[in-house]
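What follows is one structure encoded as C-alpha cells, with my remarks underneath.
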2 protein chains.
Amino acid sequence: MSVRRSMPSIEAVAREAGVSTATAGRALGGYGSVSGKSREAVLAAAERLGYRPNSLARSMITGLTHTLGVLVPDIENPFFSRALRGIADAAHERGWEVLLVNTDEDLSLERKALGVLTERRVDGLVVAPTDAADRDALQGVIEAGIPVVLLDRRVPGVEADTVGIDNRAAARDATERLLALGHRTIALLTGGDEKLRPKLARPGLRGVERLAATTVGARAAGYRDALLDAGIEPRPELVSAEGFRREDAAAATTRLLGLDDPPTAILALDSLLALGVLQALRRLGLRCPADVSLIAFDDADWAEAISPPLSVVAQPVYELGKEAGRLLLDRVQGGDRRVTHRRLPTRFIERESAAPRA
Amino acid sequence: MSVRRSMPSIEAVAREAGVSTATAGRALGGYGSVSGKSREAVLAAAERLGYRPNSLARSMITGLTHTLGVLVPDIENPFFSRALRGIADAAHERGWEVLLVNTDEDLSLERKALGVLTERRVDGLVVAPTDAADRDALQGVIEAGIPVVLLDRRVPGVEADTVGIDNRAAARDATERLLALGHRTIALLTGGDEKLRPKLARPGLRGVERLAATTVGARAAGYRDALLDAGIEPRPELVSAEGFRREDAAAATTRLLGLDDPPTAILALDSLLALGVLQALRRLGLRCPADVSLIAFDDADWAEAISPPLSVVAQPVYELGKEAGRLLLDRVQGGDRRVTHRRLPTRFIERESAAPRA
DNA sequence: CCACGGATTGAGAACGTTCTCACTCAAGCG
DNA sequence: CGCTTGAGTGAGAACGTTCTCAATCCGTGG
C-alpha cells in the first residue's frame with residue numbers, strides 16, 4: 001500500500017509554473033485576470049502534478065461549503081430514499097453535495113445531528129423531522145443563519161419553508177371513495193401515536209385542530225371529516241395506532257376484524273402497513289377486495305404488481321424532495337424571501353383492492 | 001428573516017474569557033493542559049456566545065475531515081438504501097459522517113463524483129461501482145492516498161478492499177434447488193448486459209471466467225455451472241438481458257413464455273425483476289407456482305407478504321454495508337493492511353413461489 | 001517624449017482552527 | 001539556596017485557498 005502522500009498545493013503548482021500563488025489561483029479558479037501565457041503554464045503544471053484544489057480551504061474563505069445537510073428518520077423507508085433522490089438531484093443540478101444523516105426517529109440523535117451539521121457549516125438543511133421534533137434545536141439552527149426546509153412534516157413554532165402534501169384533504173378523499181363504494185364501517189391504520197384515538201372521539205374543534213399539526217394527525221382529521229360529513233360517528237376502536245412495522249399492522253388488522261361489528265374497508269396510512277393488512281387477511285382466509293377493501297397511502301413499486309393490485313393515494317415523493325432542494329438553494333443563493341409553504345397535489349390511483357361493499 | 005450572521009470564532013471566545021486563543025482552543029478541544037479555572041471561564045464564555053467550532057478549519061490542520069464518501073448507482077434501489085444504512089451506522093459509530101453521491105449508473109457522473117469527493121478531502125470512499133466502472137479513475141483515487149472499499153461489485157485491476165457475497169455460488173444454489181424440484185427448462189432474468197447471452201453458450205473456460213468478473217456475470221456463471229452439472233445444455237434464448245426496470249422484466253417474461261419450449265421456472269436476479277415476472281404471469285393468466293416457479297435474489301420487504309410469498313436468495317445487505325464501512329474506517333484509522341476481500345454468506349429462504357414441476 | 005489607463009502580477013492579509021516553541025511559575029529535591 | 005521538573009500559558013506559525021492592494025507592464029493618444 002502506498003503511503004498517504006499529501007496532495008500538491010497551489011503553491012507547488014505556482015512554483016512549477018514559475019508564477020506567484022495569486023496568479024496560479026486566478027488561472028485555476030477562473031477569477032481575476034490572467035494572461036494566456038500564464039494560464040497555460042499554470043494549467044500544464046497542475047496537470048503534471050495531478051493538482052486537486054482543496055475545497056476546505058476554499059470554503060474557509062468564501063464562506064460557502066456547497067453542501068446541503070439532509071436529515072431523515074429512516075433512509076431505508078422508500079418514501080425517504082425517493083425524496084432524498086429528489087433532493088440530491090436538485091443539489092447536483094446546481095453544484096451542491098449532500099451530507100446525509102439518519103436520525104432513526106430518535107430525538108436526541110436529531111439534535112446531535114443538527115449540531116454536527118452546524119459545525120460542518122452546511123449552507124442549508126432539509127429536515128424530515130422526527131414526529132416529536134425538537135422545536136428549539138431547529139429554531140436555533142435557523143437563527144444561527146442556516147436556512148432550513150422542512151419536508152413532509154411541519155413543526156409548529158419553527159419559521160421555515162415547508163414542502164408537503166395536503167394530508168387532510170388526501171385522507172378525506174380516500175375515505176370518501178370508500179364511502180362511495182357503500183362502506184360504512186371503515187378502519188384507519190395509522191401506525192403512530194397512541195394519543196390519536198381519544199382525540200378522534202372528542203367533538204370540539206380545538207381537538208381536531210391540534211390533531212392536524214402532525215402528518216398522521218392531519219390524515220386522521222381528514223378521515224374524521226369524511227365520516228362526519230356522511231353522517232357517521234367515528235368510532236375510536238376502529239382507529240389503530242399500534243406501531244409502524246408490518247407485523248404491528250398485521251396484528252392490528254387481526255384485532256380489528258375480530259370486533260363485533262368489523263370493518264369492511266381499511267385505510268392504511270403507508271404502504272408497509274398495507275403489506276401487514278394483506279398478510280393478516282391471507283392468514284385469516286379472507287380475500288381482498290371481496291371480503292375487505294383496502295386503500296393505502298404511497299404508490300410503492302410493488303403496489304401494481306401484487307394481486308390484487310393496490311388502490312393507493314400516490315404522493316409525488318420525488319418532486320417533494322426536488323422542490324425542497326430547490327427551495328433551499330433559492331434561499332441559499334438568493335436573498336431573503338418570505339417563508340413559503342408548498343403543497344404538492346396527490347393523485348388517487350384506482351386499481352383493484354377497493355370494491356363495492358358485498 | 002435574520003441576516004446571515006457569522007458565528008463567533010474561537011478568538012471571540014478567548015477574548016470574552018480573558019485568555020489567549022491557544023488556551024481557549026485547549027479548553028474547547030480537550031487537548032493539551034488547561035487549569036480548571038481557565039477551562040471554566042472558556043466554557044462559560046463559549047456557552048454565552050453560542051460558540052460552535054468550525055470543523056473546516058480543524059480539518060485543514062488535522063488533515064482529517066471525518067467524512068466518508070459514498071458512491072451508489074441508485075439510492076432508490078432498496079439494496080443500496082439498506083446498504084447505505086449499514087455504512088452510515090458504521091460511520092456514526094465512530095464519529096464519521098457520510099457524503100452521498102448518486103451516480104445513476106452513469107460512468108461520466110461516477111468519474112466526476114470521484115473528483116469532487118477528492119477535492120472535498122474525504123477520508124475514504126465506499127463505492128458501489130457502475131457495471132462498467134472507471135478503473136483508472138478509481139485506481140487514481142487510491143494512489144492519491146484515499147482508501148477505497150468496493151461494495152457488491154468488483155473492479156478488476158483496482159487494488160481495493162471488497163465486500164460482497166459469493167454470487168456464483170448463490171446463483172448455483174438457487175438453480176440447483178429448481179433442478180431438485182424437477183425443473184429442466186429454467187430461465188434466467190438478468191436485467192443487464194446484452195453481451196452475456198452469447199458468452200453463456202461458449203464452452204471455453206476463458207469465456208466464463210471473464211464473465212464472472214461482474215456481479216451479473218458471476219451469477220450467470222453459477223446458473224450455468226448448475227445446469228452443466230445436471231447434464232443440461234444452457235440455452236442462450238432462456239437468458240434474458242433486456243433491462244432493469246419492472247416493465248422490462250414483464251416483457252421479457254412474456255417473451256420467454258412464448259417460446260416453443262417455454263421455461264417452467266424462472267430465476268430473477270433482483271426483486272424488482274421478480275415483480276415484473278409476477279405482473280406478466282397475472283396478465284397471461286398463469287399461476288405461480290402452479291404453472292411457473294420463481295426464485296428471486298434479495299429479500300424485499302414485500303416478498304413475504306404477497307401471494308404467493310416469494311422464495312428468495314437473501315443477501316445480508318445491511319451487514320454488507322456495515323462491514324464495508326468498518327473495513328474502510330479500519331484502514332483510515334489504523335495503518336496499512338493487505339487488501340482483503342470479504343464474502344458474507346447468503347441465505348435461501350424457502351417460501352411458496354417455487355414448487356415441484358407440474 | 002510623456003502622461004494615461006487598463007491588463008497583469010505579486011506580496012501579504014485573511015479565514016478559524018491546531019501545533020510548536022519558548023516562557024513563567026511554583027513545587028520538590030539535594 | 002540553586003537546580004530540576006512539569007504544569008500552565010501565550011505568541012506566532014501552519015494549513016491551502018481567496019481577497020485586497022499596490023506595483024509594474026504595455027500600448028495609445030497627445
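All of these numbers come straight from a predicted model, not from anything done at the bench. Below, chains carry the letters A, B, ... as their sequence lines are ordered, and counting in each starts from 1. Note: hydrogens, waters and symmetry copies are ignored here, and every other heavy atom, side chains too, is used.
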Practice item. Kindly state each residue pair satisfying salt bridge (Lys or Arg N to Asp or Glu O under 4.0 Å) with at least one member in residues 8-21 of chain A, sequence neighbours excluded. Key: A:E11-A:R15, A:E16-A:R48

Practice item. Compute the angle between the rotation axes at the two ends of the helix from C:dC1-D:dG30 to C:dG30-D:dC1, each taken over five pairs, rounded to 10 degrees. Key: 60°

Review point. Among residues 34-48 of chain A, which residues get a heavy atom nearer than 4.0 Å to DNA chain C?
Key: A:V34, A:S35, A:S38

Exercise for review: With sequence neighbours excluded, give me every side-chain hydrogen bond (donor to acceptor under 3.5 Å, both in side chains) pair touching residues 53-65 of chain B.
Suggested key: B:T65-B:D123

Review point. Hey, does the side chain of B:S20 come within less than 4.0 Å of D:dA11's phosphate (OP1/OP2), counting only N and O?
Key: no

**Study point:** Listed partners of B:R135 passing salt bridge (Lys or Arg N to Asp or Glu O under 4.0 Å), at least two apart
**Key:** none

Review point. Do any pairs count as a ring-ring contact (aromatic ring centres under 6.0 Å, His included) and have a residue in residues 91-110 of chain A, sequence neighbours left out, and if so which ones?
Key: A:H66-A:W96

**Study point:** Residues in salt bridge (Lys or Arg N to Asp or Glu O under 4.0 Å) contact with A:E119, at least two apart in sequence or another chain
**Key:** B:R52

Point to revise | salt bridge (Lys or Arg N to Asp or Glu O under 4.0 Å) partners of residues 24-35 of chain A, not counting sequence neighbours, each pair once | key: none

**Study point:** Side chain of B:V19 (C-beta onward), nearest among D:dG10, C:dG10, C:dT8
**Key:** D:dG10

Point to revise | Summary of ring-ring contact (aromatic ring centres under 6.0 Å, His included) pairs that have at least one residue in residues 102-129 of chain B, sequence neighbours excluded | key: none

Review point. Looking at residues at least two apart in the chain, or sitting in another chain, which of them share a salt bridge (Lys or Arg N to Asp or Glu O under 4.0 Å) with A:D330?
Key: A:R94

Practice item. Give the C-alpha distance, both sets of side-chain angles, the deciding distance and a yes or no for side chain to side chain contact (heavy atoms under 4.5 Å, CB included) between B:V148 and B:V141. Key: CA-CA 8 Å; B:V148 171; B:V141 169; 4.1 Å; yes

Exercise for review: Any pair with a residue in residues 16-47 of chain B that passes ring-ring contact (aromatic ring centres under 6.0 Å, His included), sequence neighbours left out, goes on the list, sorted by first then second residue, please.
Suggested key: none

Point to revise | Letter per nucleotide, 5' to 3', of nucleotides 12-22 of chain D [B base touched, S only sugar-phosphate touched, - untouched; heavy atoms, 4.0 Å] | key: --BBBBBB---

